[in-house]
Amino acid sequence: MRAVIVPAAGERPALAELSTPALGAGQVLIRVHAAALNPMDNVLASGGLAEAMEHRYPLVLGRDVSGVVEAVGDGVTDVTIGAEVIGHLGFEAPFQAGTLAEYVAVAAASVAVKPPSLGHTAAAALPLAGGAALAALDAAGVQSGQTVLINGASGGVGRYAVQLAARRGATVVATGTSASAHRLRELGADAVVDYTAGPVAEQVRRLYPNGVDVLVNLWGNTVNDVPLDAVRPGGRVSTITSVPDADTTAALGLGGGGITIASPDRDVIATLAQTAASGKLRSDLSQVIPLDEAVEGLDQIAAGKSHGKVVVTLA
Ligand SMILES: NC(=O)c1ccc[n+]([C@@H]2O[C@H](COP(=O)([O-])OP(=O)(O)OC[C@H]3O[C@@H](n4cnc5c(N)ncnc54)[C@H](OP(=O)(O)O)[C@@H]3O)[C@@H](O)[C@H]2O)c1
């Protein structure tokens, strides 16, 4: 089968021929119709986690999939051959399997039935990005009546987070540039702050002098990247990037804090898929590309030029 692999540690990703993955107990073999790209793929490709967690090569990239079940492993009784499904490869070592391939074996517990009205391309975008959006909103306790700043709102996770926060009845302030402002408003943002036009926190304070109730942080690798000054005293913060840590938020008298790691299992994927199928959550894709352009797509993400969610289609 064709797959996008990291051939060996430190090597650049490439399209290659591999044998179809062996099917383990508790797994299902999925013929991939669509697979999403995520920043996580570049982290794995660069060996950014290799010291902490085992990587095995050739390592296939890709975490999210939508496709059709070709075979089920021993002990799988709740997923049937021929079913259209959405799946996710969890944050577990050893890393070797990936969804940027014609076939992938995924734990049945991380597979949900795809609603018929949801296309494979939109479905494949959901698990990690949608799951992270959901987890970040839950970690911050986002609810109706709050004013919520979403930093990194124009990215793959952010576009889901904006919609989900607006659906909860929050007033949503989204970061983006003039290129994404209109789209973010269509997705549910009440205000868009241009992160290229000056410090985000200062711009937010001009709109909300007392500060926002909640900051959902989806962008940045240093604490200075995070507009903590936009949050009112006693407000809450959640983050899915490496900053801020819990000590930093606590020292500022803010609630929440600590990094949220998304682990979309069957229930989370099914919830996202049902919400999307009912028209209440859109996979707002910036690009749909074939497998032989996936490496280029990953390069664009690494360079900060993807401007939203990128999905690879195979069928
Ligand atoms: N913890 C977890 O479980 C988890 C899960 C998924 C992702 N993540 C992490 O969460 C982050 C976001 O993921 P993603 O998939 O949404 O990535 P992404 O699609 O690459 O989105 C990042 C977005 O950040 C925006 N951005 C760039 N500079 C900015 C700035 N100065 N201020 C505010 N926004 C800025 C970009 O907007 P433009 O469109 O304007 O360029 C881009 O769209 C990544 O670091 C990823 O590794 C963590």
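Note that the structure is a prediction, hence the values are computed from the model and not measured. Whatever order the structure lists ligands and atoms in, that order sets their numbers, starting from 1.
- Looking at Gln146, its side chain does come within 3.5 Å of a backbone N or O of Gln143 through a donor-acceptor pair.
- Residue Gly156 has at least one N or O atom closer than 3.5 Å to an N or O atom of ligand 1.
- Ionic pairing of Glu202 and Arg205 is not present here: no N-O contact between side-chain nitrogen and carboxylate oxygen is shorter than 4.0 angstrom.
- Heavy-atom proximity to Ala132, at under 4.0 Å, picks out these atoms of ligand 1: 5 (C), 6 (C).
- Of the protein's non-hydrogen atoms, the one nearest atom 27 (C) of ligand 1 is Trp219 NE1, 3.3 Å.
- Comparing Pro39, Gly155, Ala36, Ala174 by heavy-atom distance to atom 15 (O) of ligand 1, the nearest is Pro39.
- The shortest N/O to N/O separation between Gly158 and ligand 1 does not fall below 3.5 Å.
- With a 6.0 Å radius and a threshold of 12 heavy atoms from other residues, nucleotides or ligands, Glu51 has its CD atom at or below the threshold.
- Within the 4.5 Å cutoff, the side chain of Val4 has no heavy atoms near those of the Asp41 side chain.
- Polar contact check, Tyr195 against ligand 1: a nitrogen or oxygen pair lies under 3.5 Å apart.
- Among protein heavy atoms, the minimum distance from atom 3 (O) of ligand 1 is reached at Ala262 N, 2.7 Å.
- Ligand 1 is approached by Gly152 to a heavy-atom distance shorter than 4.0 Å.
- Between Asn217 and Ile240 the shortest side-chain heavy-atom distance does not fall below 4.5 Å.
- Regarding atom 45 (O) of ligand 1, its nearest protein heavy-atom neighbour is Thr241 CG2, 4.0 Å.
- When atom types are taken as modelled, the side chain of Thr175 and the backbone of Gly152 share a donor-acceptor pair closer than 3.5 angstrom.
- Looking at Leu218 against ligand 1, only its backbone comes within 4.0 Å, counting heavy atoms.
- Salt-bridge check for Asp213 with Arg232: passed, with a basic side-chain N closer than 4.0 Å to an acidic carboxylate O.
- Using a cut-off of 4.0 Å between Lys/Arg side-chain N and Asp/Glu carboxylate O, Asp78 and Arg266 are scored as salt-bridged.
- For ligand 1, the polar-atom distance check against His307 finds a nitrogen or oxygen pair separated by under 3.5 Å.
- With distances taken over non-hydrogen atoms, the option nearest atom 7 (C) of ligand 1 out of Asn151, Ile240, Thr260, Asp225 is Ile240.
- For atom 14 (P) of ligand 1, the choice among Val43, Asn38, Val157 with the nearest heavy atom turns out to be Val157.
- Both the backbone and the side chain of Ser154 come within 4.0 Å of ligand 1, counting heavy atoms alone.
- Below 4.0 Å from some heavy atom of Thr177 lie the following atoms of ligand 1, by number and element: 40 (O).
- Using modelled atom types, no side-chain atom of Arg159 and backbone atom of Leu187 make a donor-acceptor pair closer than 3.5 Å.
- Within 6.0 Å of the CG atom in Asp138, the count of heavy atoms belonging to other residues, nucleotides or ligands exceeds 12.
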